[in-house]
Every structure is written in structure tokens, then in C-alpha cells.
Enquirer: 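Dropping a structure here in C-alpha cells format, bear with me for questions.
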Amino acid sequence: MAILVQRNGVRRGRTLLELLDDRRVLSFLFMLPAGGLLLIFLTYPLGLGIWLGFTDTKIGRPGIFTGLENYVSLFQDSVFLLSVFNTILYTSVATVLKFGLGLWLALLLNNSMPFKAFIRAIVLLPYIVPTVLSAIAFWWIYDAQFSIISYVLVELGWIDTYIDFLGQPNAARASLIAANVWRGIPFVAICLLAGLQTISPSLYEAAAIDGANAWNRFRHVTVPMLMPILSVVLTFSVLFTFTDFQLIYAITRGGPVNATHLMATLAFQRAIPGGQLGEGAAIATAMIPFLIFATLFSYYGLQRRKWQQGGRDD
Amino acid sequence: MASVDIRGVEKQFGATKVIHGIDISIADEEFVVLVGPSGCGKSTLLRMIAGLEEITNGEIAIGGNVVNNVPPKDRDIAMVFQNYALYPHMTVRENMAFSLKLRKAEKSVIDDRVHKAADILGLKPFLDRYPRQLSGGQRQRVAMGRAIVRDPQVFLFDEPLSNLDAKLRVQMRTEIKALHQRLRTTSVYVTHDQVEAMTMADRIVVMHDGIVEQVGTPLDLYDHPANTFVAGFIGSPAMNFVEGTLKRAGGRSHVQVAGVGNAGTVELPVPDAVGGQDGQKVIYGARPEHLDLAHDGAGVPAKVIVVEPTGADTQVFAEMAGRQISAVFGERHDFKPDQIIRLQPRQASIHLFDAASGRHL
């Protein structure tokens with residue numbers, strides 16, 4: 001009898017417990033904190049940015065809705081168009097170089113060599129140093145008067161006068177791309193190295209016996225086996241490079257004569273120092289289609305290829 | 001097809017010597033199995049034949065040509081790996097055609113060879129599947145198909161069946177043997193499973209700690225093991241070994257086995273023809289299947305510990321002179337634990353080994 005009463009007593013509590021036993025309710029509850037954080041710190045600023053892009057808000061003056069006015073004026077703005085060109089140039093050249101050199105470095109690191117772990121740790125250094133710190137170092141390296149590169153080349157007798165790395169548009173672009181490549185290689189190399197290490201050595205042995213030389217093995221074993229991770233790393237690298245801000249802003253601030261302005265730096269320049277919040281937001285928003293394109297690329301790249309589907313791994 | 005000659009081959013990894021001078025001659029069309037426990041150097045030896053490991057000392061010749069400095073791709077060999085090593089991004093067809101494609105063979109020749117191999121191995125329905133979509137046995141067959149299309153001088157097998165389940169292993173064992181009977185390609189097969197070695201080989205090479213213990217036909221090794229290692233390794237269940245002293249007195253020889261614990265001394269008769277001197281410390285070896293059940297007070301007493309009927313035969317673990325031995329009977333017996341039975345070793349089939357060296361007397 002006592003047990004029966006007690007059972008009735010906890011009847012209400014049990015429905016709550018039953019609710020918590022439901023997988024859907026429980027997973028929703030568990031996702032709530034993370035979802036809340038995303039909403040507050042990602043969705044809200046993004047939404048606000050897009051909204052500001054449709055207004056003429058200035059710092060200290062709430063704007064009014066102006067529709068596509070910002071975008072229309074931007075597409076007649078030669079500086080904005082130059083920044084789009086710069087961004088695409090910067091991203092494509094830097095990405096190609098990062099992947100070429102990163103893959104080469106990964107292949108080297110994948111060989112057995114003395115102090116392997118130590119060398120791999122050193123490779124990560126450029127990635128560990130704060131971007132602004134390395135940017136300042138590059139600024140110094142590229143300095144018109146004190147550049148160590150110019151100094152060495154002059155001492156070697158290869159050139160007569162110091163190179164004006166950051167004073168000429170194309171030299172400045174190349175200099176920034178070099179800095180970005182230097183900083184981005186470790187990420188690519190370490191990711192690809194991880195991918196390389198998942199390739200079974202017996203595949204290379206089988207290929208060697210099948211008659212493959214080093215190039216055949218690279219072309220028919222390494223590359224296809226690396227493709228899934230390559231596409232993911234490529235997407236991330238493109239996203240990071242496309243939205244790069246720190247290196248540019250610390251080294252050239254977009255100069256000389258806007259020759260190195262990327263969309264991200266131009267957006268900041270117009271919005272914060274320039275005070276044109278609405279126009280800056282519109283520039284930033286204009287990056288979204290490019291980023292969506294890159295993300296879609298990743299979506300299809302991430303999809304398991306046909307040969308990865310079905311069956312067990314063993 | 002070609003012969004394979006291994007002459008004085010040694011292998012050293014850094015300071016560790018894993019193969020200590022091996023000489024084996026493998027005749028054309030022969031199926032030779034390298035067998036031994038893990039770490040005996042059998043896989044290393046196979047990889048040296050393939051060219052995947054360098055030869056520290058000695059030489060290996062394929063078809064009479066020394067190949068020490070010939071890269072794997074020019075040795076005209078094909079290898080089947082333990083984990084199959086199929087290219088996961090290629091279909092079965094592409095996997096099998098890969099080597100011919102690299103050799104720039106005509107497309108019609110490639111198609112022809114791939115179809116022929118697929119036919120032999122029953123892979124026709126799977127030609128457009130990827131390795132992941134195949135079962136273990138099918139993958140194993142693709143790996144063999146990849147070897148067959150090459151029509152190489154020598155097939156090398158590196159424990160190809162150890163990733164398969166027991167039933168499939170027996171089936172594939174037969175298939176590989178049938179394949180060899182059909183193609184007659186010289187084959188070197190590495191395994192740690194002595195049953196595989198016994199059932200497949202023309203000749204078996206028993207390896208242990210980087211040396212060859214004995215080379216011979218399966219039945220030769222079974223009937224005339226050179227030492228205790230080979231005697232214990234070949235045959236399942238393993239041979240019983242009992243240490244004792246050889247006594248020769250008045251034309252009758254026996255091995256005196258001191259009892260362990262409170263068990264009494266046992267005398268095991270041996271044929272007079274066996275070697276060894278009176279008083280020599282010996283190891284008496286008798287296979288479980290060569291112990292007969294004796295009646296009327298003949299044989300030696302043994303106390304039953306466990307009886308394991310398999311249906312086909314009955315395996316009995318018993319204690320003789322305080323030492324554990326096993327016996328296999330073709331008939332069914334219903335012994336109880338602790339029951340005393342009497343065992344009679346078959347005189348013609350027993351082995352005597354020198355206790356110090358382990359050599360057969």
C-alpha cells in the first residue's frame with residue numbers, strides 16, 4: 001500500500017523525467033547553449049551587418065533605409081572594384097602557392113628523417129606567432145630603408161639600389177602575397193601531412209611492384225587518396241585568405257594608392273575611420289556571395305566520393 | 001615462370017640482425033611455403049625477394065639473374081598482401097588493369113587479360129565495384145586477380161589469408177592451390193599457419209629466429225623432423241615432448257622418464273634402431289595421433305584431465321608421469337576426468353631428440 005501511494009505521489013515528476021528521456025527533447029536541450037551562443041555572437045552581427053548595408057548609417061547618426069543605393073554606388077566606385085580585383089588576385093595566387101609549397105613540404109616531412117617531430121614542430125611556427133606580430137616583422141623586412149632583403153642583395157652585388165617593396169602597386173601586392181603564403185603554408189602542410197599519413201604504405205609497395213615509378217605513385221596513389229582532405233583544406237584556406245585583414249592592415253593599410261586594399265580592409269576603412277558604417281557594411285556584405293560559393297565548393301568537396309561509400313574499412 | 005635462388009642472404013635492421021644467412025633454391029613451377037612463428041624473418045625474406053627490402057648480404061636470383069639491385073617493378077613478380085592493398089579509388093577492373101596500364105599495354109590486351117582473370121576468379125559481376133563494396137573474400141580474389149593479369153615470373157603471397165574468417169580461409173586455400181595447379185607459376189607463400197603450409201606446399205621452409213630449420217615436403221617434415229622445433233611446429237595438435245634418459249640394456253631400449261611431483265617413474269620403449277647412447281639425456285617425442293589406447297596392462301598409465309570430442313575424433317589431455325600430454329583417437333571415447341587410461345606409443349612413429357641440441361637422433 002505504501003508503495004502505491006508513493007507511486008501516485010511522484011506521478012507529475014515522472015512525466016518530466018519521461019520528457020527528458022525523449023531523445024529529441026534531450027538533444028534540443030543540449031544544443032540550446034551552443035545554439036544561443038551562435039545566435040548572439042554570429043547570427044546577430046551578421047544580420048546587423050546586412051541590415052546596415054541597406055542604410056546610410058554613419059557613426060553617431062542612425063541611418064534610414066536606402067535600399068540598394070549603397071550597392072549601386074559601390075559598383076561605380078573604382079576603389080571598390082579595385083579591391084574586388086585585389087581580393088581575387090590575392091586569394092588565387094596565394095592559394096596556389098600555399099598548396100604547391102604546402103604539399104611539397106608535407107611530402108618532405110612525410111619521409112623518415114632525423115629529428116622528425118622537432119622539424120614538424122618548427123614548421124608550425126609561422127602559424128603559432130600572432131598574425132600582427134609576423135605582419136610587423138614583414139613590414140620591417142619590406143621597409144624601404146632598412147629591408148634585410150635589399151641589404152643582402154646589395155651586399156651580394158646583385159642589385160644597386162634598395163627595392164621599394166611597399167611603394168609600388170605590384171611589388172606591394174607580391175610582398176603581401178609572400179607574407180600570406182609564409183603564414184598559410186604550415187596549416188596546409190600539417191593538414192596534408194595528416195592526410196598523407198593515413199595512406200597505407202602497402203599501397204605504395206603494391207604500386208611499386210605493379211610497375212609505378214615515383215611520379216606514377218604520386219599521381220595514381222597519393223593524389224587521389226589525398227583528394228578528400230585536399231578539398232576541405234582548400235576550402236578553409238580560400239575562406240581564410242579571402243577574408244584576410246590583419247596582414248594587409250598591419251603592413252600597407254591598403255596602400256599604395258589603394259593598390260593592396262582587399263574587400264575586408266576597404267570595408268573597415270570606410271566604416272570605422274571613414275565613419276560610413278552603411279557603406280562599409282555593404283562592402284562586407286558583398287563578400288558573402290564569394291564566400292557562399294567557396295562554401296558550396298566545400299560542400300561538394302566534402303561529400304564522400306563514390307569509392308569511399310559502402311562497406312567496411314577492414 | 002622462373003626459379004628463385006636465395007644464396008647466403010642476411011638482413012640487418014640497424015644493429016639488429018633478423019636473417020642470419022639463408023640458402024633456399026626454389027625450382028620453376030614450385031609452390032614453396034615459408035612458415036614460422038611471428039618474428040622469424042619469413043615476411044622480411046619475402047619482401048627481399050620482392051625488392052621492398054634491401055639485401056644486407058648475399059644474393060637473390062630470379063630466373064638465374066641476380067636481382068639485388070633491380071627495383072621491384074623490373075623484377076617481374078607479383079605480390080598479394082595481407083591487407084590486400086587494393087587501390088580504394090579504383091574499381092575492380094581498374095585495380096587489375098593498373099599494372100598493364102603502366103606498362104602501356106594495348107587496351108584490347110588489357111581488357112582480354114582482365115576478363116580472363118576475372119573469369120578464373122569468379123569476379124565478372126564485380127568488375128565495376130569499388131573495393132569497399134566487396135567482402136573480404138572478394139577483395140582477396142581481386143588482389144590475386146591483380147597478380148594474375150601480370151602473368152609474372154613469380155607470385156609472392158604475404159599471409160594472404162590471415163584477414164579472413166576460418167571458413168573462408170579453408171575455401172581460399174583450396175582456390176589458391178587450384179590456381180597454382182592451373183597456372184603453374186612459381187610461388188612463394190608466407191604464413192604462420194602450419195596447416196596452410198602442410199595443405200598447400202610442394203615444399204615447406206620452416207624458419208625460426210632468422211634461420212632455416214628444415215626444408216622438405218610436407219609429409220617429409222611430418223615424418224622426419226630434423227629437430228624439436230620443426231617437430232613441435234608441424235602437426236596439429238602439437239607433438240608431445242617428454243624429457244628422459246635413454247637406457248640400452250640387453251637388446252631392449254627404453255627411455256626412462258622421472259615422475260614429476262609424486263608421480264612414479266615411467267619407461268617408454270623405443271625401437272633399437274634409434275640412435276643415441278646408453279645414459280644420454282633425450283627428448284622423447286610422440287604425436288598425439290600416434291598414441292594408441294592399450295589394454296591388458298600394456299603401455300603406460302595416464303590420468304585423464306580433459307576430453308574434447310570434435311565429432312571426427314576425440315582429443316584427450318592427460319597426465320603421464322606428472323607431465324601433460326595429449327592424445328587423439330579416431331574413435332569416440334567417454335572418459336571421465338581422473339580416470340586412468342593406458343597409452344601405447346606407436347613404435348615406428350616415435351622420435352628421439354638429443355636433449356642438449358634438440359637434434360633428431
Side-chain angles (χ1 to χ4, degrees), chain A residues 103 106-107 110-117 191-234 300-314, chain B residues 43 46-47 49-53 70-92 94-105 126 128-136 138-139 142-143 146-147 149-150 152 154-156 158-159 163-165:
Chain A
L103 180 59
L107 289 170
N110 198 32
N111 291 329
S112 46
M113 57 173 124
F115 311 112
K116 199 161 160 178
C191 287
L192 294 186
L193 179 63
L196 283 176
Q197 287 179 337
T198 63
I199 304 177
S200 160
S202 61
L203 285 184
Y204 290 110
E205 293 177 350
I209 289 175
D210 271 345
N213 56 28
W215 165 250
N216 293 143
R217 290 200 291 273
F218 177 73
R219 160 85 185 69
H220 294 289
V221 179
T222 312
V223 171
M225 299 295 286
L226 217 49
M227 227 35 215
I229 193 160
L230 200 76
S231 62
V232 177
V233 179
L234 183 69
Y300 289 111
L302 268 169
Q303 284 204 327
R304 283 148 66 88
R305 277 168 179 67
K306 206 173 164 220
W307 57 266
Q308 291 174 293
Q309 288 165 0
R312 298 153 302 155
D313 261 327
D314 54 5
Chain B
S43 277
L46 190 80
R47 292 168 60 82
I49 300 174
L52 299 173
E53 297 284 354
V70 177
K73 69 188 178 77
D74 298 328
R75 291 191 183 196
D76 202 6
I77 41 132
M79 186 156 165
V80 177
F81 292 83
Q82 180 175 357
N83 62 359
Y84 321 133
L86 300 178
Y87 310 115
H89 54 286
M90 297 185 196
T91 61
V92 169
E94 290 164 342
N95 261 286
M96 296 210 281
F98 187 59
S99 61
L100 296 175
K101 223 172 97 187
L102 287 176
R103 267 153 236 264
K104 304 209 161 45
F126 309 113
D128 292 313
R129 295 223 194 148
Y130 287 96
R132 275 184 76 105
Q133 300 163 321
L134 300 177
S135 71
Q138 289 163 344
R139 288 181 207 181
V142 178
R146 194 166 63 174
V149 292
R150 297 263 313 278
V154 183
F155 279 142
L156 304 175
D158 189 6
E159 308 214 14
N163 280 10
L164 301 177
D165 63 55

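Every chain is numbered from 1, with letters handed out A, B, ... down the list of sequences.
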Enquirer: Applying ring-ring contact (aromatic ring centres under 6.0 Å, His included), can you list everything that pairs with B/Tyr87, at least two apart in sequence or on another chain?
Expert: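 In terms of ring-ring contact (aromatic ring centres under 6.0 Å, His included), with neighbours along the sequence ignored, B/Tyr87 is linked to B/Phe98.
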Enquirer: Of all residues at least two apart in sequence or in a different chain, which pass the side chain to side chain contact (heavy atoms under 4.5 Å, CB included) check with B/Ala50?
Expert: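 Side chain to side chain contact (heavy atoms under 4.5 Å, CB included) check on B/Ala50 returns A/Ile209, B/Leu52, B/Ile77, B/Met79, B/Leu156.
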Enquirer: Using a 4.5 Å heavy-atom cutoff, which residues in residues 192-202 of chain A come close to chain B?
Expert: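 Heavy-atom contacts from residues 192-202 of chain A to chain B are A/Ser200, A/Ser202.
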Enquirer: Rounded to the nearest 0.5 Å, what separates atom CG in B/Asn163 from atom OH in B/Tyr84?
Expert: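 Nearest 0.5 Å value for the CG-OH distance: 4.5 Å.
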Enquirer: Which atoms form the tightest heavy-atom contact between B/Val149 and B/Met96, and what is the distance?
Expert: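 Shortest heavy-atom contact: CG2-O, 3.0 Å.
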Enquirer: Step by step, would you call A/Tyr204 with A/Thr222 a side chain to side chain contact (heavy atoms under 4.5 Å, CB included)?
Expert: CA-CA 9 Å; A/Tyr204 290 110; A/Thr222 312; 2.9 Å; yes
Enquirer: Where the side chain of A/Asn110 meets the backbone of A/Ala106, is there a donor-acceptor pair that is under 3.5 Å apart?
Expert: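 Not confirmed, A/Asn110 side chain does not pair with A/Ala106 backbone.
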Enquirer: Under 4.5 Å, heavy atom to heavy atom, which residues of residues 214-221 of chain A contact chain B?
Expert: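 Residues in range: A/Asn216, A/His220, A/Val221.
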Enquirer: Between the side chain of B/Asp158 and the main-chain N/O of B/Gln82, is any donor-acceptor distance below 3.5 Å?
Expert: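 No, B/Asp158 side chain to B/Gln82 backbone: no donor-acceptor pair under 3.5 Å.
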Enquirer: For side chain to side chain contact (heavy atoms under 4.5 Å, CB included), just list the numbers for B/Leu134 and B/Val142, CA-CA rounded to whole Å, side-chain angles, deciding distance to a tenth of an Å, and then say yes or no.
Expert: CA-CA 9 Å; B/Leu134 300 177; B/Val142 178; 3.7 Å; yes
Enquirer: Look at B/Lys101 together with B/Glu94 and state whether they make a salt bridge at an N to O cut-off of under 4.0 Å.
Expert: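 No, no charged N to carboxylate O under 4.0 Å.
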Enquirer: So what's closer than 4.5 Å to chain A heavy atoms on B/Ala78: side chain, backbone, both or neither?
Expert: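 The backbone, not the side chain.
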Enquirer: Determine the sole option in B/Arg75, B/Arg103, B/Lys73, B/Arg150 for which the salt bridge (charged side-chain N to carboxylate O under 4.0 Å, His left out) test with A/Asp210 is passed.
Expert: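 Going through B/Arg75, B/Arg103, B/Lys73, B/Arg150 one by one, the salt bridge (charged side-chain N to carboxylate O under 4.0 Å, His left out) with A/Asp210 is satisfied by B/Arg150 alone.
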